[in-house]
Amino acid sequence: MAPGNPGWGGGDYLVMDDAALVRLALAGDREAFAVLVGRHRPMLVGLCRRVLGDRGLAEDAAQEAVLQAMVGLDRLERPERFGAWLGGIGLNVCRRWRRDQVREDWSLAALTGGRAGPDPVPASPAEAAETAEAAWRVRRAVGRLPAGQRAAVVLFYLVGMAHREVATTLGIGVGAVKTRLHKGRAALREELTGWWKEDDMAATTTGPVTMRVTEVRRQPGEGERPEKTVILLAEEAGERRLGIWVGAFEGLQIAFALEGTELPRPMAYQFMTSLLEATGSRLAEARVTRLDDGTFYGVAVVEGPAGTRELDARPSDIVNLALLAGAPVRVDPEVLTEASESEKGASYLAEATTYPDDTTAIVVEFQAEMERVRAEFLRRH
């Protein structure tokens, strides 16, 4: 039985709604709060992971959000909306962490898995000021929306949840979510007209853009200048291009695939492809879904005996697998627009074309080095 509430047993909590559990928790019932947290923790961790892009950091951020919720539970005005309130706390924690994050040390995913540029270039003072003003205007406009519309807009547009995920989080139907988003868009359009372009929030009517990998280019390191490797993709039904900066190993494997290089033993990506086939599965699609702080994120769409699954993956990995498996590579339109059509994106692409080593040169150099090592080994033995 819960402390302070001798009439309630543990099983009774599971059938209670959030509002009743909040009231018990405010009365000092710790078990009721634990049930609340357990009920909404998967949503909270998923939300934090979408923002931070790292499972470990997401778990830590969720834990801090739970502690803040426990301390500030008396500030919750609508107990039936505990889940959305907890998610909002989680978002605030994640945003603070991202503001405080030191940008000098890039994550392994950023360094090897797919960057939008060759170097982490800080924003200029003008860009920073413009971004701050934009954030203030949007926060003010969203903050003026009615509570229901505000929650839907934040979760769908700013967090990136799907309609069904928003519905689950808010405890309403998908149709109600769409209605709230429609009304929220109308209100924001009216307030931000003349400053914010409508197409920044308009729902896209086109799907992911199919692209093909055309080449790998490399700028060798020299002195303190690090080596840079980029894979270049071109739109199949258009003229847009995309550059994804990756690690040397990942770039070399893509070069092997493009050149059709036969390797004496299977490397990591060949093994992963064979493993999928052995389990009766296949890579149906490699999709780049997000560009966050200069780092690309993606999913591998895998079809198998258990159905279709979308697996979180680095773009460098799924592009490698797609080349070996003959699967299409697709990029979400918003990502392609941000990465290739902006002034900064265009300058990065222009830089990539100046890198002296192309796909063939990268493969030939590797093969020559392997022959040299083999000859040296035979000489010594």
Participant: My understanding is that only one of Glu259, Glu365, Glu215 makes a side-chain hydrogen bond (donor to acceptor under 3.5 Å, both in side chains) with Thr360; could you say which?
Facilitator: Glu259
Participant: Nearest 0.5 Å, what's the CG-OG1 distance between Leu349 and Thr354?
Facilitator: 11.5 Å
Participant: Flag yes if Leu276 and Ile318 sit in one hydrophobic cluster, no otherwise; membership is Ile, Leu, Val, Met, Phe, Trp, Tyr, and two members link when side-chain heavy atoms are under 4.5 Å apart.
Facilitator: no
Participant: Does any non-hydrogen side-chain atom of Phe82 lie less than 4.5 Å from one of Phe33?
Facilitator: yes
Participant: Just to verify, which of Arg23, Arg78, Arg81, His40 counts as forming a side-chain hydrogen bond (donor to acceptor under 3.5 Å, both in side chains) with Asp18?
Facilitator: His40
Participant: Are Val209 and Val329 joined in one hydrophobic group, where the rule is that I, L, V, M, F, W and Y side chains link up if heavy atoms are under 4.5 Å apart?
Facilitator: yes
Participant: Using a 3.5 Å distance criterion without hydrogens, assess whether the side chain of Arg218 forms a donor-acceptor pair with backbone atoms of Tyr355.
Facilitator: no
Participant: With a 3.5 Å cut-off and no angle check, do the side chains of Gln367 and Glu371 form a donor-acceptor pair?
Facilitator: no
Participant: Aromatic ring centroids of Tyr269 and Phe256 under 6.0 Å?
Facilitator: no
Participant: May I ask you to decide if Met267's main-chain N or O and Gln270's side chain share a donor-acceptor pair within less than 3.5 Å?
Facilitator: yes
Participant: Quick check: do Glu351 and Val230 have side-chain heavy atoms less than 4.5 Å from each other?
Facilitator: no
Participant: From the options Glu236, Glu285, Arg330, select the one residue that forms a side-chain hydrogen bond (donor to acceptor under 3.5 Å, both in side chains) with Thr210.
Facilitator: Arg330
Participant: So does Arg41 pair up with Glu59, basic N to acidic O under 4.0 Å?
Facilitator: yes
Participant: Check Asp312 with Arg55, please: is the shortest side-chain N to carboxylate O separation under 4.0 Å?
Facilitator: no
